[in-house]
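Presented below is the structure to which this report refers.
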Amino acid sequence: MSGKTRALTNAEKNQSESALGGARLHRALLAWFDVEKRPLPWRATSDPYAIWMSEVMSQQTRVETVIPYYEKFLTAYPTVRTLAEAPVEDVLGLWSGLGYYRRARMLHRTAQEVVARHDGAFPRDKAALESLPGIGPYTAGAVASIAFQEPASVVDGNVVRVFARLFNDDTDGRAPAGLAHFRKRADALVSADRPGDWNQALMELGATVCTPREPRCLLCPLATVCEARSAGTARDLPRLTKKAKPVAAAFDALVVAAPNRVLLAERKADGLFGGLLEPPLFDTAPTLLEAAQQARLAIGDSLGIVQHTLSHRKLSIATHRAVHVLDVMPPLPVSGAYVALHAVEWPLPKDTRVSTLARKILALALET
DNA sequence: AAAGCGGGGAC
DNA sequence: GTCCCAGCTTT
């Protein structure tokens with residue numbers, strides 16, 4: 001209540017200051033960025049395709065995690081055309097382990113659209129970029145500003161945190177309305193001269209100095225003008241509504257093995273782990289037993305429970321093993337979540353399209 | 001507005 | 001264990 005009133009007051013005050021304070025802010029932050037920026041691989045290119053690739057991979061994912069995937073993809077698919085022409089199965093395989101697999105499917109679709117509808121050249125403005133699959137307000141602003149020097153703003157988790165502290169603004173940074181509020185702040189402050197560097201500098205500051213738990217204010221180029229620092233509220237900002245806790249769910253996995261192969265089920269293209277391969281999961285033990293009986297598979301006791309937590313589910317997978325020649329596919333009745341069964345080489349070929357969860361299940365069943 | 005959608009690093 | 005990360009899409 002009182003917090004909201006205070007936030008609005010700050011917002012109004014800062015808008016009146018921004019015309020005067022903007023230039024100083026830009027000088028201080030950009031000078032810091034010029035010296036302190038990390039040498040990330042996508043900072044050595046101006047290719048919109050490469051910039052876009054790095055931004056999609058970076059959605060909800062730490063920069064250090066992204067780097068090896070970025071290198072792999074640029075080597076395998078150096079141009080948007082090579083990506084567009086690749087089988088989506090291969091794209092999912094290179095993406096294996098990075099998570100949020102819908103991003104890979106949309107990456108592929110967008111590459112095909114850019115080739116088919118834009119003759120292989122990315123749209124140069126934020127609005128047109130935002131109409132492509134998997135490109136929302138953040139990614140469109142990032143590509144437009146970094147690759148095309150459009151004075152478009154970006155708001156990610158870092159920018160919310162930096163602005164919330166800089167302006168001592170306790171607007172909820174996770175609610176849609178709060179995000180819109182911070183986008184207005186970002187629009188008002190984006191640099192006309194160096195929009196791409198300005199956006200990256202805000203994010204770099206959030207990632208390396210203005211960190212969530214213990215901000216390193218002594219190293220901050222904006223400490224002298226930071227309102228949360230003078231108010232002593234930096235550690236309590238930004239205000240973020242709690243996320244729902246992952247819900248527990250249990251399944252039984254069946255690993256059917258031959259000497260050099262393993263049976264994997266292909267999930268339908270959309271939804272959880274869409275398009276990936278995995279040992280078939282059954283929603284209850286009786287379902288597993290009945291399926292095994294129909295396929296004339298003798299299954300042993302559970303080898304153990306694989307625990308795997310996603311953003312919205314806390315999974316417990318009781319893992320079982322059976323042996324079959326796999327020269328002919330056993331008639332295993334699986335759930336509607338699967339569209340096909342495959343006998344896959346074991347150990348798995350490099351870049352097989354499986355989740356980290358599937359790798360955990362296979363490791364328990366076949367490497368112990 | 002809320003939920004679905006991965007995995008891992010930092011504390 | 002908790003938090004959250006260079007978010008987007010669907011309901």
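The chains referred to below are lettered A, B, ... by the order of the sequence lines, with proteins before strands, and numbering in each begins at 1. The shown structure was predicted, so the numbers you read here are calculated from the model rather than taken from an experiment. Side chains included, hydrogens not; waters and symmetry mates left out as well; all remaining heavy atoms used.
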Rounded distance in Å between the [atom1] positions of [N] and [M]:
N: C:dC5; M: B:dG6; atom1: C1'; result: 12 Å
N: B:dC11; M: C:dA6; atom1: P; result: 13 Å
N: C:dC4; M: B:dC5; atom1: C1'; result: 15 Å

> Which residue, A:Arg183 or A:Lys242, contacts DNA chain C at a nucleotide closer to its 5' end, judged by nearest heavy atom?
Replying inline: A:Lys242

Starting from [Y], can I reach [X] by hopping between I/L/V/M/F/W/Y residues whose side chains sit under 4.5 Å apart?
X: A:Leu237; Y: A:Leu205; answer: no
X: A:Ile146; Y: A:Leu29; answer: no
X: A:Tyr138; Y: A:Tyr70; answer: no

> Where each residue is assigned the nucleotide of DNA chain B containing its nearest heavy atom, which of A:Leu357 and A:Glu214 is assigned the position nearer the 5′ end?
Replying inline: A:Leu357

> Where the side chain of A:Arg313 meets the backbone of A:Pro246, is there a donor-acceptor pair that is under 3.5 Å apart?
Replying inline: no

>> Determine whether a donor-acceptor pair (N or O, by modelled atom type, separation under 3.5 Å) exists between the side chain of A:Asn199 and the backbone of A:Pro195.
In response: yes

>> Is it the case that over 12 heavy atoms from other parts of the model lie below 6.0 angstrom from the CZ atom of A:Arg124?
In response: no

> Does a sphere of radius 6.0 Å around CD in A:Gln293 hold more than 12 heavy atoms from other residues, nucleotides or ligands, not counting ones at 6.0 Å or beyond?
Replying inline: no

Which ones in [range] lie close to DNA chain B, meaning a heavy atom under 4.0 Å from one of its atoms?
range: residues 269-279 of chain A; result: A:Gly271, A:Leu272, A:Phe273
range: residues 60-68 of chain A; result: A:Gln60, A:Thr61, A:Arg62
range: residues 306-317 of chain A; result: A:His308, A:Leu310, A:Ser311, A:His312, A:Arg313

> Taking only residues two or more places apart in sequence or in another chain, which ones pass ring pair (Phe, Tyr, Trp, His ring centres under 6.0 Å) with A:Phe163?
Replying inline: A:Phe167

>> List the residues meeting salt bridge (charged side-chain N to carboxylate O under 4.0 Å, His left out) with A:Arg117, not counting sequence neighbours, and say none if there are none.
In response: A:Glu113

> Taking only residues two or more places apart in sequence or in another chain, which ones pass salt bridge (charged side-chain N to carboxylate O under 4.0 Å, His left out) with A:Arg81?
Replying inline: A:Asp119

> Does any residue of residues 88-104 of chain A have a heavy atom under 4.0 Å from DNA chain C, and if so, which ones, in number order?
Replying inline: A:Arg102

> For residues 137-149 of chain A, which residues have at least one heavy atom under 4.0 Å from DNA chain C?
Replying inline: A:Pro137, A:Tyr138, A:Thr139

Integer-rounded Å distance: [N] [atom2] and [X] [atom1]:
X: A:Gln59; N: C:dT9; atom1: CD; atom2: P; answer: 8 Å
X: A:Met203; N: C:dC4; atom1: CE; atom2: P; answer: 19 Å
X: A:Leu179; N: C:dC5; atom1: CG; atom2: P; answer: 12 Å
X: A:Asp156; N: C:dC8; atom1: CG; atom2: C1'; answer: 14 Å
X: A:Leu107; N: C:dC8; atom1: CG; atom2: C1'; answer: 13 Å
X: A:Arg235; N: C:dC3; atom1: CZ; atom2: C1'; answer: 14 Å

Donor-acceptor pairs under 3.5 angstrom involving side-chain atoms of residues 346-358 of chain A: please list them, not counting sequence neighbours.
unit_1, atom_1, unit_2, atom_2, d
A:Thr352, OG1, A:Pro349, O, 2.5
A:Arg353, NE, A:Gly275, O, 2.9
A:Arg353, NH2, A:Glu266, OE1, 3.4
A:Arg353, NH2, A:Glu266, OE2, 3.2
A:Ser355, OG, A:Leu357, N, 3.4
A:Ser355, OG, A:Ala358, N, 3.0

Under 3.5 Å, is there a donor-acceptor pair between the [X] and [Y] side chains?
X: A:Thr139; Y: A:Gln59; value: yes
X: A:Ser316; Y: A:Gln307; value: yes
X: A:Gln200; Y: A:Arg43; value: yes
X: A:Arg185; Y: A:Ser153; value: no
X: A:Asp169; Y: A:Thr171; value: yes

>> Taking any atom closer than 4.0 angstrom to a non-hydrogen atom of chain A, what span of DNA chain B does the protein reach, first nucleotide to last?
In response: B:dA1 to B:dG9

>> Less than 4.5 Å apart, side chain to side chain, heavy atoms only: is that true for A:Leu132 and A:Met106?
In response: no

> What about A:Trp95 and A:Phe73, are their ring centers closer than 6.0 Å?
Replying inline: yes

For [X], report the nucleic acid contact type (base, sugar-phosphate, nothing); a contact means any heavy atom under 4.0 Å.
X: A:Arg161; answer: sugar-phosphate
X: A:Leu40; answer: base
X: A:Ser54; answer: nothing
X: A:Met106; answer: sugar-phosphate

>> Can you pull out every side chain to side chain donor-acceptor pair (under 3.5 Å) where at least one residue sits in residues 97-111 of chain A? Sequence neighbours excluded, please.
In response: A:Thr61-A:Arg103

>> By the side chain to side chain donor-acceptor pair (under 3.5 Å) test, which pairs, at least two apart or in different chains, include something from residues 272-282 of chain A?
In response: A:Arg267-A:Glu278, A:Glu278-A:Tyr338

> A:Lys243 side chain N/O closer than 4.0 Å to the phosphate oxygens (OP1, OP2) of C:dT2?
Replying inline: no

